[in-house]
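Computed from heavy atoms alone, side chains included, the values below leave out hydrogens, waters and symmetry copies. Since this is a predicted model, take the numbers as computed values, not measurements.
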Amino acid sequence: MEIQRLDTIPLEEQVALWNEAFKDYLVPAAMTEASFTTRMEKLQQSPHESLIAKVDGEAAAIILTGTRDFGNTRMAWIGGLAVVPRFRKMGLSRQLLERLFAGYREQGVDESRLEVISENIPALRLYQKLGYAEINELIYLTGSLQDYGIAGYQLKEVSDPEAYIALEEDALPWQNRIAAHHKIATIWRNGKQLGYIVYGVSADNLILLQVRLSNAPDQILGLLQAFYDTYGSISCALFNEVVTSEYIPILLDKGFEKIATQIQMRKKI
């Protein structure tokens, strides 16, 4: 088995390896070269820090990572680890992780974080053996915006993110942070600011990444109404919210469906 940096192979081979390794993943993970590149850049994943494993010269496993500074903490995030099916049960995941930890130590990384699908018991046990501990259980919901018959909620775009970056909690997942080029809007009703939302939006999809409302159980449908009034009946996802959030049952009652739950984990380096 040989371990190499991801950037030692062409982009076409990187994407082919990712798709082959994740083809039977619990949630869809296939990407094109364009979407793979966009994801790497948006989430600040480094082709130079990320790794692949080869067995007899054949690409067999991949692990993506990147580092950021949050306050005084140098943090690394693992944004995907998978082994091509025919190379599993050979210890490749553990060897990639251990090589990654060595690189983290050289970079002065203080802490590594990741998320693992709750049902992926083998991966969860491996991370625990290597020193990762649970932070939160997170949920991923999808649905569609609709007319909830609620009036008066308004969104106002925020152009300067710095004040909101300062409000981000330590446990907030890497992908949900404003640094990943997300949009921010304050939420208003009857001239009163109720909170703010961090989100991503395209022509046909809205992703809620940080819902910060003063009374989320009572206000969540008003927030969705404001997005419906702006974008119409597009698909909507709630990504990486803590499973105990009080407004989740309201979304489930309005037709949202659970796609997966994940265990968010951390390890001191």
Side-chain angles (χ1 to χ4, degrees), residues 25-32 34-35 38-39 42-43 79-80 115 117-119 136-159 161 164 167-169 171-189 193-264:
Y25 196 51
L26 295 170
V27 296
M31 287 189 277
T32 64
S35 61
T38 298
R39 182 181 186 273
K42 187 173 184 179
L43 296 179
E115 296 81 40
I117 297 289
S118 302
E119 291 86 353
N136 281 312
E137 185 175 13
L138 309 173
I139 194 166
Y140 172 26
L141 303 178
T142 62
S144 295
L145 296 180
Q146 55 185 282
D147 188 345
Y148 301 94
I150 301 173
Y153 284 80
Q154 296 177 317
L155 299 171
K156 297 182 181 180
E157 293 293 326
V158 172
S159 58
Y164 295 90
L167 297 175
E168 292 183 325
E169 300 172 353
L172 185 69
W174 180 285
Q175 312 96 301
N176 295 54
R177 292 181 179 266
I178 295 166
H181 311 293
H182 300 310
K183 293 179 175 292
I184 312 169
T186 51
I187 307 154
W188 298 76
R189 193 181 195 194
Q193 183 177 341
L194 305 177
Y196 66 96
I197 178 78
V198 178
Y199 66 100
V201 67
S202 63
D204 58 358
N205 187 48
L206 171 72
I207 304 177
L208 307 181
L209 296 153
Q210 294 183 43
V211 176
R212 301 291 182 259
L213 294 168
S214 56
N215 188 354
D218 290 340
Q219 298 163 352
I220 187 66
L221 295 184
L223 169 66
L224 295 186
Q225 181 75 53
F227 277 114
Y228 172 83
D229 292 343
T230 303
Y231 297 106
S233 184
I234 63 173
S235 64
C236 178
L238 176 72
F239 187 60
N240 278 351
E241 181 56 271
V242 177
V243 296
T244 54
S245 293
E246 293 181 339
Y247 65 87
I248 288 175
I250 298 169
L251 297 182
L252 293 171
D253 184 61
K254 292 298 181 179
F256 280 72
E257 297 182 353
K258 184 184 83 169
I259 300 302
T261 57
Q262 296 193 100
I263 306 300
Q264 181 191 19

Asks: What's the separation between atom CD in Gln146 and atom CG in Leu221, rounded to the nearest 0.5 Å?
Replies: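 Going from CD on Gln146 over to CG on Leu221, the span is 8.5 Å.
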Asks: Give the table of side-chain donor-acceptor pairs shorter than 3.5 Å for residues 245-256, with sequence neighbours excluded, one pair per line with atom names and distance.
Replies:
from   : atom 1 : to     : atom 2 : distance (Å)
Ser245 : OG     : Glu241 : OE1    : 3.1
Ser245 : OG     : Val242 : O      : 3.0
Tyr247 : OH     : Glu241 : OE2    : 2.7

Asks: What closest approach, in Å, do Tyr153 and Leu194 show between heavy atoms, and which atom pair accounts for it?
Replies: CE2-CD1, 3.5 Å
Asks: How far apart are the closest heavy atoms of Trp174 and Leu43, and which atoms are they?
Replies: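 Taking every non-hydrogen atom into account, NE1-O, 2.9 Å.
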Asks: Looking at every non-hydrogen atom in both residues, tell me the closest pair between Pro173 and Asn240 and how far apart they are.
Replies: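 Looking at all heavy atoms of both residues, the closest pair is CB-ND2, 3.8 Å.
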Asks: What residues form a ring pair (Phe, Tyr, Trp, His ring centres under 6.0 Å) with Tyr164, not counting sequence neighbours?
Replies: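 Listed in chain order: Tyr196.
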Asks: Kindly compute the distance separating CD1 (Ile117) from CD1 (Ile259), expressed to the nearest 0.5 Å.
Replies: 10.5 Å
Asks: Are side-chain heavy atoms of Ile234 and Phe227 found at a separation under 4.5 Å?
Replies: no
Asks: How long is the gap from CG on Leu155 to OG1 on Thr186, to the nearest 0.5 Å?
Replies: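 Between atom CG of Leu155 and atom OG1 of Thr186 there are 8.0 Å.
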Asks: Is any side-chain heavy atom of Gln210 less than 4.5 Å from a side-chain heavy atom of His182?
Replies: no
Asks: Specify the closest pair of heavy atoms between Gly149 and Asp147, including all atoms of both residues, with the distance to one decimal.
Replies: N-OD1, 2.9 Å
Asks: Roughly how far apart are Leu26 CG and Gln262 CD, rounded to 0.5 Å?
Replies: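 Interatomic distance, Leu26 CG to Gln262 CD, rounded to 0.5 Å: 10.0 Å.
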Asks: Run the side-chain contact (heavy atoms from CB on, under 4.5 Å) test on Leu238 and Val211 for me, step by step, so that the C-alpha distance in whole Å, both residues' side-chain angles and the decisive distance to 0.1 Å come before the verdict.
Replies: CA-CA 9 Å; Leu238 176 72; Val211 176; 4.3 Å; yes
Asks: Applying side chain to side chain contact (heavy atoms under 4.5 Å, CB included), name anything that partners Glu157, two or more places apart in sequence or on another chain.
Replies: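 Only Lys183, Ala185, Tyr199 meet the side chain to side chain contact (heavy atoms under 4.5 Å, CB included) criterion with Glu157.
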Asks: Show your working on side-chain contact (heavy atoms from CB on, under 4.5 Å) between Leu224 and Leu208 and close with a plain yes or no.
Replies: CA-CA 10 Å; Leu224 295 186; Leu208 307 181; 3.9 Å; yes
Asks: Please check: side-chain N/O of Arg177 versus main-chain N/O of Leu172, any donor-acceptor pairing under 3.5 Å?
Replies: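 It does hold such a pair.
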Asks: Could you pull out all residues at least two apart from Asp229 that satisfy side chain to side chain contact (heavy atoms under 4.5 Å, CB included)?
Replies: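 With sequence neighbours excluded, Asp229 shows a side chain to side chain contact (heavy atoms under 4.5 Å, CB included) to Gln225, given in chain and number order.
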Asks: Spell out, as yes or no, whether a donor-acceptor pair under 3.5 Å connects the side chain of Ser144 to the backbone of Ser233.
Replies: no
Asks: Between Thr261 (side chain) and Ser118 (backbone), is there a donor-acceptor pair under 3.5 Å?
Replies: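 No, Thr261 side chain to Ser118 backbone: no donor-acceptor pair under 3.5 Å.
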Asks: Mind checking what makes side chain to side chain donor-acceptor pair (under 3.5 Å) contact with Asp204, not counting sequence neighbours?
Replies: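 Applying side chain to side chain donor-acceptor pair (under 3.5 Å) to Asp204 gives Ser202.
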Asks: Run the side-chain contact (heavy atoms from CB on, under 4.5 Å) test on Asn176 and Val198 for me, step by step, so that the C-alpha distance in whole Å, both residues' side-chain angles and the decisive distance to 0.1 Å come before the verdict.
Replies: CA-CA 8 Å; Asn176 295 54; Val198 178; over 6 Å; no
Asks: Please find the pair of heavy atoms, one from Val27 and one from Ala260, that lie closest to each other, and give the distance.
Replies: CG1-CB, 4.0 Å
Asks: Spell out, as yes or no, whether a donor-acceptor pair under 3.5 Å connects the side chain of Asn136 to the backbone of Gln264.
Replies: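 Here the side-chain-to-backbone pair does not exist.
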Asks: Just jot down the ring pair (Phe, Tyr, Trp, His ring centres under 6.0 Å) partners of Tyr231, sequence neighbours excluded, or say none.
Replies: none
Asks: Out of curiosity, Leu145 CG to Ser235 OG, how far, rounded to the nearest 0.5 Å?
Replies: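 Nearest 0.5 Å value for the CG-OG distance: 8.0 Å.
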Asks: Atom OG1 of Thr142 and atom CG of Leu206: how far apart are they, to the nearest 0.5 Å?
Replies: 12.0 Å
Asks: Looking at every heavy atom in both Gln219 and Ser214, which two are closest together, and how far apart are they?
Replies: NE2-OG, 3.1 Å
